[in-house]
Amino acid sequence: MSAEQRVKDLALDLPPPPQAVGNYVPGVRVGNLLFLSGCGPQRADGSTVVGKAGADLSVEQAYAAARLAGLAMLARIRLLAGSLDRVARIVKVLGMVNAAPDFKEQPKVINGFSDLMVEVFGGAGRGARAAVGMAALTGQMAVEIEMVIELKEEPTMTENTDAQIRHVYEQWHETIKARNLDGLMALYAEDAVLETPFILAVLQDKTEGILKGKAAIGAFFGAGFLKPESGLGRWHRTGTFFANGRQLVWEYPRETPQGDQVDLVEVMDIANGLIAHHRVYWGWVGFKALAGALNRPVP
């Protein structure tokens, strides 16, 4: 399961990404490492938890403050990386606790942050860590946490051979017509992305037309294959496609020898012979059919 999906499943409410309040940037990327500036326990309304652990705050309250700092950090990661799914692993965490002089439970406090990271990223959320006490923190906030994460390699849009491009062009069409799910999914990369508003019509629990990962895309097509075919659900195409070695584009036109069909433009980014990013653009006939499936009025 992806980190973004875990955030949804856990019903985590991420605050707006923290703004820099000094002469610094939220994060700096060096190679595949992202060094993130410190985050405090920022609530959704922008206020922060303040006070000293061991004096104003109990261990449990300070733990909750560290978890809030974790939510703020997740929002910052999403801002800088584009998605929490880009995180390969957490490398290092520095947890600072605004602590009374005799307070000794800094590790228990910073567990509030670390436990959240493991909930979201699984085993990759457990990195090296230091938990230290501070005489004071900015604005007397209860905790501040900085971290280093490793980002996943971005998909490389390598040049594909003509044979690879034609294989995707022909096999996608044939497997979708035959409702051959295994054959269809063999064309997609493990971390592929699919964008189409039809997702909202097929998967009623979805609120956006974007799916990430081969498993999620397979579930979408599998559910779609269970639906009966419609009169407009023909798969006629002219045989013309456009490709530049990295991107493949073709059209299912509205007018066919058998009558009108749902009109679509398929745009696929191809990497290493597999579909890395698939976007579907709908024409007017398709839009009307889609609106009907979503029970929405069409002008």
Side-chain angles (χ1 to χ4, degrees), residues 1-2 4-5 85 152-206 208-254 256-283 285-286 289-290 293:
M1 184 184 299
S2 74
E4 290 287 355
Q5 187 60 50
D85 293 335
K152 295 176 182 176
E153 294 280 358
E154 295 185 72
T156 302
M157 290 296 294
T158 56
E159 190 83 13
N160 298 270
T161 66
D162 291 344
Q164 287 175 318
I165 292 288
R166 181 166 287 279
H167 174 77
V168 173
Y169 173 72
E170 293 177 348
Q171 288 303 305
W172 193 92
H173 179 76
E174 293 302 322
T175 55
I176 200 80
K177 281 174 53 183
R179 299 192 174 201
N180 175 1
L181 184 60
D182 290 341
L184 181 65
M185 296 318 301
L187 301 174
Y188 285 85
E190 288 296 331
D191 57 351
V193 176
L194 172 66
E195 297 187 44
T196 171
F198 198 48
I199 291 168
L200 302 178
V202 173
L203 303 176
Q204 301 296 323
D205 61 325
K206 298 299 182 183
E208 63 178 7
I210 302 175
L211 294 174
K212 298 178 180 180
K214 189 173 181 176
I217 295 171
F220 161 72
F221 280 117
F225 288 167
L226 296 177
K227 294 181 176 293
E229 296 188 52
S230 67
L232 289 175
R234 304 182 183 94
W235 292 102
H236 173 82
R237 60 182 181 175
T238 64
T240 299
F241 66 90
F242 302 91
N244 61 4
R246 295 180 174 85
Q247 193 170 75
L248 170 64
V249 180
W250 78 86
E251 178 189 20
Y252 289 100
R254 182 188 69 191
T256 82
Q258 294 79 37
D260 285 350
Q261 69 177 0
V262 171
D263 42 348
L264 306 172
V265 175
E266 309 283 350
V267 180
M268 298 175 176
D269 295 340
I270 311 297
N272 300 315
L274 297 173
I275 302 167
H277 199 146
H278 181 187
R279 297 174 294 282
V280 186
Y281 297 98
W282 293 64
V285 172
L290 180 61

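Computed from heavy atoms alone, side chains included, the values below leave out hydrogens, waters and symmetry copies.
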For this session: Could I get the full list of side chain to side chain contact (heavy atoms under 4.5 Å, CB included) partners for E4, not counting sequence neighbours?
Result: S2, R78, S83, L84, D85
Exercise. Partners of H173 by ring-ring contact (aromatic ring centres under 6.0 Å, His included), sequence neighbours excluded?
Worked result: Y252
For this session: Kindly write out the residues that satisfy salt bridge (Lys or Arg N to Asp or Glu O under 4.0 Å) with E170, not counting sequence neighbours, or none if the list is empty.
Result: R166
Problem set entry | Which residues share a salt bridge (Lys or Arg N to Asp or Glu O under 4.0 Å) with E195, sequence neighbours left out | none
For this session: Apply side chain to side chain contact (heavy atoms under 4.5 Å, CB included) to L274 and list each qualifying residue two or more places apart in sequence or on a separate chain.
Result: A189
Exercise. Got a sec, which residues hit side chain to side chain contact (heavy atoms under 4.5 Å, CB included) with A178, two or more places apart in sequence or on another chain?
Worked result: N180
For this session: Could you please spell out the steps behind the side-chain contact (heavy atoms from CB on, under 4.5 Å) verdict for R246 and E159?
Result: CA-CA 6 Å; R246 295 180 174 85; E159 190 83 13; 3.0 Å; yes
Problem set entry | A243: side chain to side chain contact (heavy atoms under 4.5 Å, CB included) partners, not counting sequence neighbours | I165, F241, L248
For this session: Would you please name every residue forming a side chain to side chain donor-acceptor pair (under 3.5 Å) with E251, sequence neighbours left out?
Result: none
For this session: For side-chain contact (heavy atoms from CB on, under 4.5 Å), just list the numbers for I176 and F221, CA-CA rounded to whole Å, side-chain angles, deciding distance to a tenth of an Å, and then say yes or no.
Result: CA-CA 9 Å; I176 200 80; F221 280 117; 3.7 Å; yes
For this session: Determine, stepwise, if the pair D263 / W282 fulfils side-chain contact (heavy atoms from CB on, under 4.5 Å).
Result: CA-CA 6 Å; D263 42 348; W282 293 64; over 6 Å; no
Problem set entry | Residue pairs fulfilling salt bridge (Lys or Arg N to Asp or Glu O under 4.0 Å) with at least one residue in residues 213-226, sequence neighbours excluded | E190-K214
Seminar exercise, completed: T175 meets the side chain to side chain donor-acceptor pair (under 3.5 Å) criterion, sequence neighbours left out, with none
